[in-house]
Engineer: 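Have a look at this one before I ask anything.
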Amino acid sequence: MKRNLSIDGSRLWASLMDMAKIGATAKGGNARLAASDLDRDGRNLFVGWAREAGCTVSVDRIGNIFIRRAGRDPRKAPVVTGSHLDTQPTGGRFDGVYGVLAGLEVIRTLNDHKIETDAPIEVAVWTNEEGSRFSPAMMGSGVFAGIWPVEEIEAKQDVDGKKLGDELKRIGYAGPEKVGGRAFAAYFEAHIEQGPILEAEGKTVGVVTGAQGQRWYEITVTGQEAHAGPTPMARRKDALVGASRMIDAVNRIGLAYPPNACATVGFIQSSPNSRNTIPGRVFFTVDFRHPDDATLSKMDAELKSACREIAAKIGLEVEVKDFWYFPPTPFDAACVEAVRSATAKLGYPSREIVSGAGHDAVYVARVAPTAMIFVPCENGISHNEVENAKPEDLAAGCNVLLSAMLERA
Ligand code: HGY
Ligand code: MN
Ligand code: MN
């Protein structure tokens, strides 16, 4: 990399703050749910900036955006970076967005210094990484990597019955390109850590060696609606009591495999949700994570037996549906080394780290050599409107991204 070539940290911060105005929430976060009007507005802002930077823009059928800066040899597979612009309902200003705009900043820096690369450089914006409005997560990168057929993902519905495919058409991002089949020479994704480790250890950069595995479930508990007054306690089939004991079991399983196991119930619906009717049906989700696949399987078995026992004791029906699974994913050794050596060359304090969160890089790693770069976030908080990061850390991660990409381009 040319001597002391560095990105423009204040320009990167300004772009992040401009993007954060779209879907800004009262508490200073962002809400740009996948394929919503606000997601469209964020995408349009990014595409405008890409065109200003002289890039060509292509969009595939599931809405993944690829902006491309030409290299000397158009036949070479591009070196790619990127992430996502969709957010959680009470999301922050950096989750995903940082990786997309760090990629744009790399292109802007190369333009400023009139640097020509052999291979093209691309920045990808993956559709619906969050998996909140439409589940599961990482849909755009998942179809790209051949995990799901595009038709299956287009048919996914939100709580109002709206289909992802229809919503992408409505916002103008059901593109003409087929999904997948684009060769990447390498893929690097910059992201905030979304956990407390880097900040606690005073590290500026996380050299991400891989991501932990995940298992998601949909659990339906069925009892019997009855009157809250005349129904004796011993005769009740209270679905919400059963669900609450199962949720406690989820938490106990997570605590049983320290320090890495994670267990979360994030979504719950009880019906009929009336103060004086005993709940007859409860639906809730479970999110299990662990870096070791065998442990994830143990957690799976314990969840299913706990639900069966709890339901039997109260006389309830329970359905535990396997909703989504991906195994622990190691990243490409050469790409991880490119991140490690770029970080060392730039002199940033760093440590190796396994990603607790899922990222599009996890699926891209199925079809291209992939690695990630983490930077700290304040108090390790993310998926929260207060999510924050330091401009100097974001700039450092972007410099590592620039250096690692140039080494491959
Ligand atoms: O759930 C995840 O790990 C990611 O933030 N979608
Ligand atoms: Mn993310
Ligand atoms: Mn996220």
Side-chain angles (χ1 to χ4, degrees), residues 16 19-20 23 25 29-35 39 42 46 64 81-103 123-142 145 147 153 156 187-195 206 208 210-218 254 260-267 285-291 296 323-329 353-365 370 372-377 380-389 394 397 401:
L16 283 161
M19 181 61 77
T25 63
N30 271 174
R32 286 193 304 274
L33 289 183
D39 186 20
F46 173 71
N64 296 320
T81 184
S83 193
H84 59 94
L85 289 175
D86 67 296
T87 73
Q88 288 283 325
T90 52
R93 300 171 295 166
F94 304 96
D95 176 2
V97 186
Y98 168 55
V100 171
L101 297 186
V123 181
V125 177
W126 302 105
T127 293
N128 188 29
E129 187 280 342
E130 289 295 355
S132 178
R133 180 184 177 196
F134 301 96
S135 291
M138 298 140 58
M139 283 187 172
S141 50
I147 307 295
I153 295 300
K156 291 284 183 183
Y187 176 78
F188 296 95
E189 181 165 347
H191 206 289
I192 53 169
E193 178 202 338
Q194 301 182 294
V208 189
Q212 60 182 347
Q214 297 191 27
R215 282 185 180 276
W216 285 20
Y217 304 86
E218 291 190 332
N260 294 308
C262 295
T264 312
V265 173
F267 183 95
T285 62
V286 175
D287 174 333
F288 272 170
R289 306 194 188 195
H290 201 281
L296 206 49
F323 182 72
W324 187 37
Y325 162 67
F326 64 81
T329 305
I353 189 168
V354 172
S355 175
H359 298 285
D360 294 306
V362 168
Y363 276 157
V364 177
T370 295
M372 289 189 77
I373 301 156
F374 275 176
V375 293
C377 55
I381 297 287
S382 180
H383 285 197
N384 182 316
E385 292 160 283
V386 301
E387 180 185 274
N388 198 12
L394 299 170
L401 178 66

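As the structure lists them, so they are numbered: ligands from 1, and atoms in each ligand from 1. Note that this is a predicted model, so its numbers are computed, not measured.
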Engineer: Kindly print each ligand 1 N/O atom paired with any protein N/O atom under 3.5 angstrom away, one pair per line, or none if nothing qualifies.
Structural biologist:
unit_1: ligand 1; atom_1: 1 (O); unit_2: R289; atom_2: NH2; d: 2.8
unit_1: ligand 1; atom_1: 3 (O); unit_2: R289; atom_2: NH1; d: 2.6
unit_1: ligand 1; atom_1: 3 (O); unit_2: R289; atom_2: NH2; d: 3.2
unit_1: ligand 1; atom_1: 3 (O); unit_2: G358; atom_2: N; d: 2.7
unit_1: ligand 1; atom_1: 5 (O); unit_2: H383; atom_2: NE2; d: 3.2
unit_1: ligand 1; atom_1: 6 (N); unit_2: E129; atom_2: OE1; d: 3.3
unit_1: ligand 1; atom_1: 6 (N); unit_2: E129; atom_2: OE2; d: 3.1

Engineer: The Mn ion (ligand 2): which protein N, O or S atoms are under 2.8 Å away?
Structural biologist: H84 NE2, D95 OD1, H191 NE2

Engineer: How about H383 and D95: does a side-chain donor come under 3.5 Å of a side-chain acceptor?
Structural biologist: yes

Engineer: In the structure I gave you, are the side-chain heavy atoms of E385 and T90 within less than 4.5 Å of one another anywhere?
Structural biologist: yes

Engineer: Show the nearest heavy-atom pair for residues W126 and V364, with the distance to one decimal.
Structural biologist: CZ2-CG2, 3.6 Å

Engineer: Kindly compute the distance separating CZ (F374) from CD (E193), expressed to the nearest 0.5 Å.
Structural biologist: 6.5 Å

Engineer: When you check the side-chain N and O atoms of E387 and S382, is any donor under 3.5 Å from an acceptor?
Structural biologist: yes

Engineer: Quick one, F46 and V123 - any side-chain contact, counting heavy atoms below 4.5 Å?
Structural biologist: yes

Engineer: Which distance, rounded to the nearest 0.5 Å, do you find between the CE of M138 and the CD1 of I147?
Structural biologist: 8.0 Å

Engineer: Quick one about R289 and N260 (side-chain donor to acceptor, distance below 3.5 Å, no hydrogens or angles considered), yes or no?
Structural biologist: no

Engineer: Between W216 and F323, how do the two ring planes meet: parallel, tilted or perpendicular, split at 30° and 60°?
Structural biologist: parallel

